[in-house]
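Heads up: the structure comes next, in structure tokens.
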Amino acid sequence: MEDENIEEELFLVESQLHDIQGQIKTLLDRQEELYERQSQLKALLEVSKMSRNKSNYESSVTLEDWSGSFPWDSQADDTRFNVFGITSYRSNQREIINTVMSGKDVLVIMAAGGGKSLCYQLPAVLRNGIALVVSPLLSLIQDQVMGLAALGIPAYMLTSTTNKEVEKFIYRALDKGEGELKILYVTPEKISKSKRFMSKLEKCHHAGRLSLIAVDEAHCCSQWGHDFRPDYKNLGILKIQFPSVPMIALTATATSKVQMDLIEMLHIPKCVKFVSTVNRPNLFYKVYEKSPVGKVVIDEIANFISESYPNNESGIVYCFSRRECEQVAKELCNRGIWAEHYHADMDIIAREKIHMRWSQGKSQVIVGTVAFGMGINKPDVRFVIHHSLSKSMETYYQESGRAGRDGLPSECVLYYRPGDVPRQSSMVFYENCGLQNLYDIVRYCQSKRSCRRGAFFQHFGEALQDCNGMCDNCASSIELKEIDATHHTKIVVSVLRDLQLNDQRATLLQLVDKFKAKWKGLGHSNNDVDLKREEIEQLIVQLILDHVLKEEFQHTAYSTNAYVTLGPLWKPALQGNRLVKLEIAVESSQDRGGGGKSSKGAKRSRMSDLEAKLDKLRRELSSSSSSNGGISIFPHAVLSSEQISLLSCQKPTTEAELEKVIGKVKMEKYGGRIIELMRSHVMDARAGNGADANKRNKKDKDVVCVESSDEE
Ligand SMILES: Nc1ncnc2c1ncn2[C@@H]1O[C@H](COP(=O)(O)OP(=O)(O)OP(=O)(O)O)[C@@H](O)[C@H]1O
Ligand SMILES: [Mg+2]
């Protein structure tokens, strides 16, 4: 056997082994889940039998049945609605809250925007004493504290920016139980570096006033997580010092390995684990073909934003480089969209200002690099656009997941062209599994048939769920054509082999040129379709994914260049023994160009006149209200988007009606202004309808009109 043949077979065997290992891992994870569920069900069954046998009534609640009834139920419901303004629990929230209230340690894995904060904030309000919350970023902490203050909950933060007076107040509260303090936020550095703080906390605990400990963004504890923070690894001390205080660790993404790591590092081996799905049913995922002409891409993005989001709805555009960020932001501004750039080269004050303007709804779009990351807590981001592809499925899931954290329909659009692949691959090839991770997202982008959501389930090892037509491939009516590209592949491979024989190499773009030149010089049968430039690029990338070709990298003083060379499976492709199919969209004119580009999108209705008025009012109220530190609060803390749509449907005009929608606390704070707005809106609408009716009556004297007071 020739060396090359051996290598080829070895590669095939290795790639099959890799697949099988992936399947084994998925099965083992599933087995673990089933074992856990099995023991839960057995315990449930036992207790249910026991309770049936007993004549006197006893709670049928077991350690595992966290959805049963508990003594704090009515108080929890009252606080949920009247203080937090939340109408009903989302999946797992109630169970998690009950577990914490029962004094257990808990690990919560819940998708971004799933509502993790309520899981520790509500018990913090209900339990006696002070809750300690560890969170990694100042901006996240500020956001939470402002939001809680707006709800009338005494929350404070103790960080490097806390002024002396507030610090004194906090220490007195910890030390002597003076003053009103319910939730205290700190960064992990406080735990690891401040002996003074730890001794005050000790006193607080000793006096029985430490109600619970929450570790938010807990994946930061693990080196295997995507955002490891060294100070997080010292948080294990908390459980050692305060073993009787319930600890709740929360994160949006954690593989089984990270979960095990967290449990070990935080010393919570007996914690109750709640793992929710990665599915974000309100997000519509789509991939758009990206034009090679930069201006066209910007035009399309600008049209998309201005046509789909004319009411200044917030969004993010992610770009590949800092320079691209600045250019895209500038070009969007030139097209009338208030966009600002954000990247790591800017100083922290400038970045904070931009973040703040956007959070307050003053600017519409942030055009950022990956540096615009974890601190984003804005719930009503309606669209996340990727100007270039991300480096992995995990990164894309997180970045796109910043859309729609309030649960309302939102869009995630990725602009893809195969020509962008080498830019990313030359950045990630040196990372552990960097290329493999990149090729996973490239596969996602190249696919024109498979459900986008399905790709996430597969990636995170979760069972498939229905997409409900919430991705372009599931919703699309675009016709696809399958082209036999076996002959084209032969030519690509032969071009590369000739180059290799002459000790030459080609980049993706050069390879396309060489292919075109060779294609022209050859005779073809009628079956050989003449491919467009982008289609040849698509074919070459597909061949890289299928190991017929591969990428190689060369460093220069200033950059790393990516070249396309022969991959392990080039021989059968050259011999024409490998059938290659290429999927191409048959475009109709309405599928391309301006605005939505594709007619299908998130099932989102335009903001009504009343919703726009309420949105304006919440912005006004937010800039005139202020939290503990005198900082103005965010508009979404005054009224959430969900509350705005409820108000616009129900149009309450009395205090009692309004309180049913927004709860007591917000009613007391903002009720007057909201009712004023609702009443004047309803009056205007009646007057409008009356005027319309008069006009119509004049025109059609014989027709009797029955008018409704509801104009929408
Ligand atoms: N039961 C609920 N009903 C309606 N809205 C809710 C509910 N629970 C939480 N929310 C809202 O959902 C949004 C996201 O919640 P939260 O910030 O707690 O998400 P998260 O799970 O911590 O997400 P992330 O991982 O991005 O930090 C917030 O605006 C919050 O008020
Ligand atoms: Mg959170």
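All residue numbers refer to positions in the sequence shown, counting from 1. Whatever order the structure lists them in is the order used to number ligands and atoms, beginning at 1.
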Indicate whether any N or O donor in one side chain lies under 3.5 Å from an N or O acceptor in the other, for Gln643 and Lys666. yes
Student check: side-chain heavy atoms of Asn377 and Arg405 closer than 4.5 Å: yes
Output, in order, the C-alpha distance, side-chain angles, deciding distance and verdict of side chain to side chain donor-acceptor pair (under 3.5 Å) for Gln360 and Ser622. CA-CA 8 Å; Gln360 290 169 339; Ser622 73; over 6 Å; no
Minimal heavy-atom distance between Ser222 and Val258, with the atoms involved, is CB-CG1, 3.8 Å
What do you reckon, is NZ of Lys613 surrounded by more than 12 foreign heavy atoms closer than 6.0 Å? yes
Are a donor atom and an acceptor atom from the side chains of Ser135 and Glu217 found within less than 3.5 Å of each other? no
Can you name the residues that come within less than 4.0 Å of ligand 1, going by heavy atoms only? Ile86, Ser88, Tyr89, Arg90, Gln93, Ala111, Ala112, Gly113, Gly114, Gly115, Lys116, Ser117, Glu217, Ala252, Pro379, Arg405, Glu642
